[in-house]
> 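I'd like to ask some things about the structure below.
Side chains are part of it too, since the values below use all heavy atoms of this structure and drop only hydrogens, waters and symmetry mates. Since this is a predicted model, take the numbers as computed values, not measurements.
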Amino acid sequence: MDLRLAGHGALVTGSSSGIGATIAEMLADEGCDVLVHGRNAAAAAAVAERVTARGVRAEVVLGDLTEPGVAEQVALTAREFGARILVNNAGPFAEHDWDSARPADWRAAFEGNVLPTVRVTQTLLPSLRAHGWGRVITIGSRAVRTPLPHMVAYSAAKAAVVNMTTSLARHLTGTGVTANCVSPGVIITPSMQRMLDDRRSAADDEAAAAAAADADATDDTAGASAEAGIVAEYAPNPTGRLGRPQDIAAAVAYLASPLADYINGIELRVDGGITGTS
């Protein structure tokens, strides 16, 4: 399907690695020029190189969005780049429960997830309004609906992100600019992949000890078994697997496209159905 994104420009914050990098690359696959943002120059440059390899334009903007004035400067760079699509992906997380979380931890969660989103969005909005078309997409979390007991401050901060996205959509009534949120479930990140690899190794050891009881067993089977174990333990969901960065990127690309003109103010949960079913 042609998402009609060719020629559009996008800023994806936190796109030097992980889900953000995959979003940047998928937008590029659809013909979007991408402004890659991150804090590590080498990592951001590598993503930008992969973007340009897809035949579109890419530039890099660096900076810690929690530092004074940086979010605004990144947004101004995006304006000069011609970005009409803003993907607010950057957002740190830390593990704290109600006993361990201190006021500074709550403050850090909001300063890392909420305030940069507000600052980048507020700075870029005038140019989106003036253009008469634009997209603001925020990244939430499954923790919005089912707060994680070991990530209480992060869960609350992401709930604020969803709330303010809905209010932004109403604020932008009649401007041609929409605001939507994508909330990922449990996504295979590098750390999650390491866990899968460890479990896969254990599964391979068990298979060897069984003296090849099943001659048709493969590495893929062991890998699937390891993932199934993690799904059952950490993320039981009707889809029966963990999410991939591509799952989130596909949702973002659609919401960013002109095809999604009538979708506004929603939280799209991309979590395999874990919310409300587990």
> Show the nearest heavy-atom pair for residues Leu5 and Ala253, with the distance to one decimal.
CD1-O, 3.7 Å

> Decide side chain to side chain contact (heavy atoms under 4.5 Å, CB included) for Thr178 and Leu172; before the verdict, give the C-alpha distance in whole Å, the side-chain angles of both, and the deciding distance to 0.1 Å.
CA-CA 7 Å; Thr178 64; Leu172 293 171; over 6 Å; no

> Would you call Asp261-Arg4 a salt bridge at under 4.0 Å N-O?
no

> Would you call Glu267-Arg145 a salt bridge at under 4.0 Å N-O?
yes

> As an exercise, state the distance from CD of Glu111 to OG1 of Thr66, rounded to the nearest 0.5 Å.
7.5 Å

> Please check if Val162 and Phe110 belong to a single hydrophobic cluster, counting links between Ile, Leu, Val, Met, Phe, Trp and Tyr side chain heavy atoms closer than 4.5 Å.
no

> Determine, using the 4.5 Å side-chain heavy-atom cutoff (strictly less than), whether Leu125 and Val12 are members of one ILVMFWY cluster.
no

> Could you report the tightest heavy-atom contact between Ile139 and Val161, atom names first, then the distance?
O-CG1, 4.0 Å

> In this structure, would Val120 and Leu76 fall into the same cluster of hydrophobic residues linked by side-chain contacts under 4.5 Å?
no

> What do the steps show when you test Ile263 against Tyr254 for side chain to side chain contact (heavy atoms under 4.5 Å, CB included), and what is the final call?
CA-CA 10 Å; Ile263 301 175; Tyr254 174 68; 3.4 Å; yes

> Taking all non-hydrogen atoms of both residues into account, name the closest pair between Ala21 and Val47 and its distance.
CB-CG2, 3.9 Å

> When you measure from the side chain of Asp97 to the backbone of Val152, do you find a donor-acceptor pair of N or O atoms at a distance under 3.5 Å?
no

> How would you list, by chain and number, every residue that makes a side chain to side chain contact (heavy atoms under 4.5 Å, CB included) with Val70, sequence neighbours excluded?
Leu65, Glu67, Val74

> Once rounded to the nearest 0.5 Å, what's the spacing between atom CG of Leu255 and atom CG of Asn180?
5.0 Å

> Do NZ/NE/NH1/NH2 and the carboxylate oxygens of Arg54 and Asp33 come within less than 4.0 Å?
no

> Let me confirm one number: the CG-CD1 distance from Leu268 to Ile137, rounded to the nearest 0.5 Å.
10.0 Å

> Evaluate the criterion side chain to side chain contact (heavy atoms under 4.5 Å, CB included) for residue pair Ile187 and Ile19; output intermediate values, then yes/no.
CA-CA 9 Å; Ile187 308 300; Ile19 292 173; 4.1 Å; yes

> Among the clusters formed by ILVMFWY side chains lying less than 4.5 Å apart, do Tyr154 and Val186 turn up in the same one?
no

> Above 12 or not: heavy atoms from other molecules or residues under 6.0 Å from CZ of Arg39?
no

> Atom CD in Glu72, atom CZ in Arg119: separation rounded to 0.5 Å?
6.0 Å

> Checking Ala78 now: which residues fulfil side chain to side chain contact (heavy atoms under 4.5 Å, CB included) with it, not counting sequence neighbours?
Leu11, Leu35, Ala83, Leu124

> Could you walk me through whether Arg135 and Leu86 pass the side chain to side chain contact (heavy atoms under 4.5 Å, CB included) test, one step at a time?
CA-CA 6 Å; Arg135 296 287 186 263; Leu86 168 60; over 6 Å; no

> Please check if the side chain of Ser100 supplies one atom and the backbone of His96 the other of a donor-acceptor pair under 3.5 Å.
no

> Just to verify, what does Leu62 make a side chain to side chain contact (heavy atoms under 4.5 Å, CB included) with, not counting sequence neighbours?
Ala41, Ala44, Val60

> If we ignore hydrogens and angles and just use 3.5 Å, is the side chain of Thr13 paired with the main-chain N or O of Asn89 as donor and acceptor?
yes

> Distance alone, cut at 3.5 Å: any donor-acceptor contact between the side chains of Thr138 and Thr117?
no

> Working to the nearest 0.5 Å, report the span between CD of Glu80 and OG of Ser127.
9.0 Å

> Taking all non-hydrogen atoms of both residues, which atom of Arg129 and which atom of Val177 are closest, and how far apart?
N-CG2, 4.2 Å

> Sub-3.5 Å donor-acceptor pair from the side chain of Ser183 to the main-chain atoms of Arg269, do we have one?
no

> Take Thr121 and Asn88 through the side-chain hydrogen bond (donor to acceptor under 3.5 Å, both in side chains) test and state the conclusion after the steps.
CA-CA 8 Å; Thr121 302; Asn88 286 301; 3.1 Å; yes

> Is Ser141 reaching over with its side chain to a backbone N or O of Lys158, donor-acceptor style, under 3.5 angstrom?
no

> Which distance, rounded to the nearest 0.5 Å, do you find between the CZ of Arg84 and the CH2 of Trp133?
9.5 Å

> Are Val36 and Leu27 linked, directly or through intermediate hydrophobic residues, by side-chain heavy-atom contacts shorter than 4.5 Å (ILVMFWY only)?
yes

> Would you say Asn237 and Val231 make side-chain contact, with heavy atoms under 4.5 Å?
yes

> Tell me if the centroids of the rings in Trp98 and His150 come within less than 6.0 Å of each other.
no

> Of all heavy-atom pairs between Val34 and Ala28, which one has the smallest distance, and what is that distance?
CG2-N, 4.2 Å

> Show the nearest heavy-atom pair for residues Ala58 and Ala48, with the distance to one decimal.
CB-O, 3.7 Å

> Please check: side-chain N/O of Thr22 versus main-chain N/O of Pro245, any donor-acceptor pairing under 3.5 Å?
no

> Does Phe93 CZ have over 12 foreign heavy atoms under 6.0 Å away?
no

